Amino acid sequence: MIVKIVIATHKAFTPPSGESFIPLHVGAAGKPSIGFATDDTGENISSRNPNYCELTGLYWAWKNLSDVDAIGLCHYRRFFKVSFEAIESLLSRTDCVLPRKRNYFIETTYSQYAHAHHAADLDLTREIIAERHPDCLEAFDATMKSTKGHRFNMLVMKRPLLDRYCAWLFDILFELEKRLDISAYSANDRRVFGFVGERLLDVWIRANDIPYAELPVLHTESQHWPTKIIRFLKRKFLPRRK
């Protein structure tokens with residue numbers, strides 16, 4: 001089985017060894033080289049990286065990696081906490097590998113997003129799903145009510161499954177991009193299509209009843225958990241500044 005795992009990055013780092021890993025400079029359009037493959041070759045959306053985050057890397061892999069059996073996406077500072085051989089072994093038993101779910105306990109997927117960003121992003125996404133993919137609407141609502149979810153846009157999928165997922169995902173996100181006015185958004189909130197994409201993965205998995213395996217995630221940089229927890233609580237209990 002030929003598996004390629006794209007490692008999305010915007011800066012130089014020391015990637016794991018092996019031909020199965022592809023360090024990919026995302027948002028590379030118009031930027032100096034950092035010595036890796038770039039997401040501005042072939043069919044790509046590299047210039048939209050400020051709004052799509054690592055999903056420009058997923059799009060590039062979907063459109064440009066041929067003759068592979070499975071494609072994965074991780075980050076320069078977030079990896080699956082197992083060996084490549086372990087991932088390969090899992091793919092002999094399942095078509096999909098995801099990061100272990102994050103549990104927000106006192107927040108749902110919807111409320112956590114609304115407190116951190118703009119609820120309108122998800123509300124408009126729901127409208128688009130109702131119009132274009134009504135069979136997924138029940139799964140969308142259930143996902144929004146859940147306190148748990150797969151995050152980071154990390155995944156490994158066999159090629160046929162990835163083709164189906166990406167066709168669905170980018171159909172929704174491109175339509176959202178047409179309809180959503182982000183002109184007054186902060187630089188962080190303009191990453192909206194990457195953030196919404198994180199939440200849509202579970203919608204698609206749920207709607208299609210896709211079996212999957214979960215793996216823990218290794219963070220190679222400090223998580224600053226006390227700061228993150230304080231920010232999380234402030235977003236929930238204090239009014240959001242406009």
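Because the structure is a prediction, the values reported are computed rather than measured.
Cluster annotation: Phe105 and Met144 are assigned to distinct hydrophobic clusters (Ile/Leu/Val/Met/Phe/Trp/Tyr, side-chain heavy-atom contacts under 4.5 Å, transitive). Clustering ILVMFWY residues whenever any of their side-chain heavy atoms sit less than 4.5 angstrom apart, transitively, puts Val196 in a cluster other than the one holding Tyr104. One hydrophobic cluster, built from ILVMFWY side chains closer than 4.5 Å, holds both Leu137 and Leu201. Hydrophobic cluster membership is shared by Leu55 and Val192, with clusters built from Ile, Leu, Val, Met, Phe, Trp and Tyr side chains linked at under 4.5 angstrom.
Between the side chains of Trp60 and Thr38, no donor-acceptor pair of N or O atoms lies under 3.5 Å. Counted by atom type alone, Asp181 and Ser183 present one or more donor-acceptor pairs between their side chains at under 3.5 Å. Between the side chains of Asp202 and Thr143, no donor N or O sits under 3.5 Å from an acceptor N or O. Side-chain contact of Tyr52 with Glu177: a donor-acceptor pair under 3.5 Å is present, judged by distance alone. Tyr59 and Glu43 are linked by a side-chain donor-acceptor pair at a separation below 3.5 angstrom, with hydrogens and angles left out of the test.
Side-chain contact between Trp204 and Leu161: present, with at least one pair of heavy atoms (C-beta onward) separated by less than 4.5 Å. In this structure, the side chains of Phe21 and Pro16 come closer than 4.5 Å at one or more pairs of heavy atoms. With a 4.5 Å cut-off on side-chain heavy atoms, Leu162 and Leu58 count as touching. Looking at Tyr165 and Ile210, their side chains never come closer than 4.5 Å, going by heavy atoms from C-beta outward. Proximity of Ile5 to Ile87: side-chain heavy atoms (C-beta onward) are separated by under 4.5 Å at one or more points. Taking the side chain as every heavy atom from C-beta outward, His25 and Lys11 never approach each other to under 4.5 Å. Side-chain contact between Tyr212 and Leu155: absent, with no pair of heavy atoms (C-beta onward) separated by less than 4.5 Å. With contacts defined as side-chain heavy-atom distances shorter than 4.5 Å, the pair His10/Lys31 does not qualify.
Looking at Leu122, Leu173, Asn153, Ile205 one by one, the single match for side chain to side chain contact (heavy atoms under 4.5 Å, CB included) with Leu200 turns out to be Leu173. Tested against His118, the residues Phe195, Tyr185, Tyr110 include a single ring pair (Phe, Tyr, Trp, His ring centres under 6.0 Å) partner, Tyr185. Partner Asp39 forms a side chain to side chain donor-acceptor pair (under 3.5 Å) with one of Asn44, Asn64, Thr56 and no other, that one being Thr56. No option in Arg100, Lys81, Met154 other than Met154 meets the side chain to side chain contact (heavy atoms under 4.5 Å, CB included) test with Val217.
The line from CD of Glu198 to NE2 of His150 is 12.5 Å long, rounded to the nearest 0.5 Å. Distance check: Asp121 CG to Leu176 CG gives 7.0 Å after rounding to the nearest 0.5 Å. Atom-to-atom distance recorded for Glu138:CD and Ile129:CD1 is 13.0 Å, nearest 0.5 angstrom. In this structure, CZ in Phe36 is found 5.0 Å from CZ in Phe13, a value given to the nearest 0.5 Å. Within the model, atoms CG of Asn208 and CH2 of Trp168 stand 8.0 Å from one another, a figure rounded to the nearest 0.5 Å. The distance from atom OG1 of Thr109 to atom NZ of Lys145, rounded to the nearest 0.5 Å, is 12.5 Å.
Asn103 contributes no side-chain N or O that, together with a main-chain N or O of Lys148, makes up a donor-acceptor pair within less than 3.5 Å. Ser47 contributes no side-chain N or O that, together with a main-chain N or O of Ala29, makes up a donor-acceptor pair within less than 3.5 Å. Side-chain N or O atoms of Lys158 include one that pairs as donor or acceptor with a backbone N or O of Leu91 at under 3.5 Å.
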Check: Given the rule in the side-chain hydrogen bond (donor to acceptor under 3.5 Å, both in side chains) test, do Ser111 and Thr108 qualify, once you have shown the distances and angles that lead to the verdict?
Finding: CA-CA 5 Å; Ser111 67; Thr108 64; 3.1 Å; yes
Item checked: Pair Asp171-His133, side-chain hydrogen bond (donor to acceptor under 3.5 Å, both in side chains): steps then yes or no -> CA-CA 10 Å; Asp171 175 69; His133 304 279; 2.8 Å; yes
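The environment of CD in Glu19 is sparse: at most 12 heavy-atom neighbours from other residues, nucleotides or ligands sit within 6.0 Å. Annotation for Asp67: atom CG does not count as buried by contact number, only 12 or fewer foreign heavy atoms lying within 6.0 Å. By the neighbour-count criterion of 12 heavy atoms within 6.0 Å, atom CG of Asn188 is densely surrounded, having more than that number from other residues, nucleotides or ligands.
Within the cation-pi definition used here (under 6.0 Å to the ring centroid, within 45° of the axis), Arg102 does not qualify as a partner of Phe152.
Classification of Arg159 and Asp163 as a salt-bridged pair holds, one side-chain N sitting under 4.0 Å from a carboxylate O.
Considering every non-hydrogen atom in both Glu54 and Asn49, the closest pair reads N-ND2, 4.4 Å.
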